[in-house]
*Asks:* 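Take this structure, written in structure tokens, and hold onto it; I'll ask about it next.
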Amino acid sequence: MAIGVAGLAAGLAVGGLVMVAALGLALQRSIDAEALGSATDVARLVDSGQLPDPVPVAGSQYVQVVDAQSRVRAASINADRLTPLLHPDELARVRAGARLYVPGSRVGSRGLVRVVGVRAGSDTEPLTVLAGKPTSDVAESFATLRVVLLVAFPVLVLALALVAWRVIGATLRPVEGLRRGAEEITGGARPGRLPVPESRDEIFRLAETLNGMLARLDAARARQRAFVADAAHELRSPLTNMRTELEVARRLGDRTDWTEVADDLLIDMDRLARLVDDLLLLARADDAGGRAVRVSTPVELAALAGEVAQRCTGGAPVTVRPGPPLWTAGDPDDLRRLLANLVDNATRHARSRVEVAVTPDGPYQLVTVADDGPGIPAADRERVFDRFTRLDDGRARDAGGAGLGLAIVRELVRRYGGTVRLTDAQPGVRAEVRLPAVPADS
């Protein structure tokens, strides 16, 4: 703030100097114009042979008509008729076009006198008309102006400094509040929200924006902590099973059926590998920020659905409703995993059947996977897409699921610019996935 006040004072000082200089230049030009006008008028009278004696002048001016030998031929009533205003060297300069300041003592005046000259007469008898204008009034005005500036300038700077201090202080006070709030949040002394000023100005909007950012960061940290905790819990389960099986096998010694132990360990390792792959996919999706990706590989969804259905050997039978070839664009492995997660989830909860269908839906291809299981309450149909979310019934029936299947489906659908939702199949649940359609001839 001190730098700003110093800059303001410097600006005012420069402005005052410029004003004084401009005013002085304007007054000098006014004096020159007045004296030059009087000299020109007298020169016309000389040239016309009508010059009266004494020479008529207006105001407090001194006029002399001087010949080539510096003799005064005529003068105004207040000018000396014997001694010219200018010395010989000064007279030569004025005849060359110069304009001079001479001491006022030469005409009995205070201060300086501004003298200009105009040529008159003939070539055989050249004359010079000298006109002098006292500058004492201008000097007094300048002195008064300087005094006023010297007195008023510090007062003005002080007043502006006080006003700037109040205004800038009032403006920066909310910023200081934001700084203190951020410091307290960093130190953990308050929840993650900055104080919002009452004024509806830029600082208010800044505080609202920062609070929104802090809220998103808190939510992201909470999701990350929950994700890490759930991931650690899910990873610990197969590791615990493997450790238990190995400890039991070691205690049994020669009575251990190592083939059965190896099969059990392979099952747990497969579950562990699937879980790690799912976590890696979700981590990559988080790094992508939910942005849609552009791919150029065409995928025929009906054929892909049939391939996924053939691989499902456990649980309820899966049927694919026949239909024409329908295409979308994406990575075949991602889309295969998307359909596999939906079909696996449906077969684990279905009572007797799972039906898959691919139909056109405007600019999208609609993929539906329906089962006749117990269904999902409407209040939970959005929550099941969260990571590690399993309903109580799902926990009882699910063999090895980690609650990541539908979360992966949503991330993959979002990656390719589509949508996914769960509806009531009466009975059961119908998963509806819409993916951007691609013309068959492309």
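Quick note: numbers below take in every heavy atom, side chains included, and nothing from hydrogens, waters or symmetry partners.
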*Asks:* Side chains of Arg93 and Leu100, heavy atoms from C-beta outward: is any pair under 4.5 Å?
*Replies:* yes

*Asks:* Could you walk me through whether Arg383 and Asp380 pass salt bridge (Lys or Arg N to Asp or Glu O under 4.0 Å), step by step?
*Replies:* CA-CA 5 Å; Arg383 186 169 66 88; Asp380 295 326; 3.4 Å; yes

*Asks:* Does Tyr364 form a side-chain contact (heavy atoms from CB on, under 4.5 Å) with Leu435? I'd like the steps, not just the answer.
*Replies:* CA-CA 5 Å; Tyr364 295 95; Leu435 296 171; 5.7 Å; no

*Asks:* Any sub-3.5 Å donor-acceptor pair from Thr328's side-chain atoms to Pro436's backbone N or O?
*Replies:* yes

*Asks:* Less than 4.0 Å between a side-chain N and a carboxylate O, is that true for Arg415 and Glu411?
*Replies:*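 No salt bridge links Glu411 with Arg415.
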
*Asks:* Does any non-hydrogen side-chain atom of Arg430 lie less than 4.5 Å from one of Val369?
*Replies:*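 SC-SC contact between Val369 and Arg430 ruled out.
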
*Asks:* Should Arg336 and Asp333 count as an ion pair when the cut-off is N to O under 4.0 Å?
*Replies:* yes

*Asks:* If you compare all heavy atoms of Ala302 against all heavy atoms of Pro324, which two are closest, and at what distance to 0.1 Å?
*Replies:* CB-O, 4.3 Å

*Asks:* If we ignore angles and hydrogens, is there a donor and acceptor under 3.5 Å between the side chains of Gln61 and Ser38?
*Replies:*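 Looking only at side-chain atoms, Ser38 and Gln61 do form a donor-acceptor pair, the distance falling under 3.5 Å.
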
*Asks:* Where do Val63 and Leu130 land on the side-chain contact (heavy atoms from CB on, under 4.5 Å) test, with the steps shown first?
*Replies:* CA-CA 5 Å; Val63 177; Leu130 301 177; over 6 Å; no

*Asks:* Tell me whether Ser30 contacts the main-chain N or O of Ala26 through its side chain, where contact means a donor paired with an acceptor under 3.5 Å.
*Replies:* no

*Asks:* Less than 4.5 Å apart, side chain to side chain, heavy atoms only: is that true for Leu301 and Val367?
*Replies:* yes

*Asks:* Is any side-chain heavy atom of Phe385 closer than 4.5 Å to a side-chain heavy atom of Arg421?
*Replies:*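 No, too far: nothing below the 4.5 Å cut-off.
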
*Asks:* Are any of the side-chain heavy atoms of Val320 and Val358 separated by less than 4.5 Å?
*Replies:*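 Result no, sub-4.5 Å side-chain heavy-atom pair not found.
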
*Asks:* Could you walk me through whether Glu247 and Arg251 pass the salt bridge (Lys or Arg N to Asp or Glu O under 4.0 Å) check?
*Replies:* CA-CA 6 Å; Glu247 289 178 350; Arg251 290 181 180 180; 5.4 Å; no

*Asks:* Should Val94 and Arg99 count as side-chain neighbours, where that means a heavy-atom distance under 4.5 Å?
*Replies:*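 A side-chain contact is absent here, since even the closest heavy-atom pair is not under 4.5 Å.
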
*Asks:* Around atom CE of Met269, are there more than 12 heavy atoms of other residues, nucleotides or ligands at under 6.0 Å?
*Replies:* no

*Asks:* Can you confirm whether Leu85 sits close enough to Val113 that some side-chain heavy atom of one is under 4.5 Å from a side-chain heavy atom of the other?
*Replies:* no

*Asks:* Please identify which of these residues, Thr368, Leu412, Val413, Leu366, meets the side chain to side chain contact (heavy atoms under 4.5 Å, CB included) condition with Val433.
*Replies:*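 Only one option passes, and that is Val413.
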
*Asks:* Please report the C-alpha distance between Leu86 and Arg106 in whole Å, then the side-chain angles of each, then the deciding distance to 0.1 Å, and finally whether the side-chain contact (heavy atoms from CB on, under 4.5 Å) criterion is met.
*Replies:* CA-CA 9 Å; Leu86 302 178; Arg106 297 183 185 181; 4.3 Å; yes

*Asks:* Does Arg205 come within less than 4.0 Å of Glu208, counting only side-chain N to carboxylate O?
*Replies:*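 Salt bridge absent between Arg205 and Glu208.
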
*Asks:* Verify the neighbour count for atom CZ of Arg119: are there more than 12 heavy atoms of other residues, nucleotides or ligands below 6.0 Å?
*Replies:*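 No, because the 6.0 Å sphere around CZ of Arg119 holds 12 heavy atoms or fewer from other groups.
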
*Asks:* What heavy-atom pair brings Lys133 and Ala35 nearest, and what distance separates the two atoms?
*Replies:*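 What the structure gives for the nearest pair is CB-CB, 4.3 Å.
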
*Asks:* Which heavy atom in Pro134 sits nearest to a heavy atom in Ser109, and how many Å separate them?
*Replies:* CB-OG, 4.0 Å

*Asks:* Is it the case that more than 12 heavy atoms not belonging to Glu307 sit under 6.0 Å from its CD atom?
*Replies:*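 For Glu307, atom CD is crowded (more than 12 foreign heavy atoms under 6.0 Å).
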
*Asks:* Would you check if there is a donor-acceptor pair between the side chains of Tyr416 and Asp331 at a distance under 3.5 Å?
*Replies:*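 Absent: no donor and acceptor within the cut-off.
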
*Asks:* Give the C-alpha distance, both sets of side-chain angles, the deciding distance and a yes or no for side-chain contact (heavy atoms from CB on, under 4.5 Å) between Glu432 and Thr423.
*Replies:* CA-CA 8 Å; Glu432 297 181 352; Thr423 60; 3.7 Å; yes

*Asks:* Evaluate the salt bridge (Lys or Arg N to Asp or Glu O under 4.0 Å) criterion for residues Arg410 and Glu382: first the C-alpha distance (whole Å), next the side-chain angles of each, then the deciding distance (0.1 Å), finally the verdict.
*Replies:* CA-CA 11 Å; Arg410 182 173 62 180; Glu382 182 63 26; 3.6 Å; yes

*Asks:* Can you find a heavy atom in the side chain of Leu339 that is under 4.5 Å from one in the side chain of Leu304?
*Replies:*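 Sidechains of Leu304 and Leu339: in contact.
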
*Asks:* Check the pair Arg434 / Thr419 against side-chain hydrogen bond (donor to acceptor under 3.5 Å, both in side chains), numbers first and verdict last.
*Replies:* CA-CA 5 Å; Arg434 287 173 172 81; Thr419 60; 4.9 Å; no

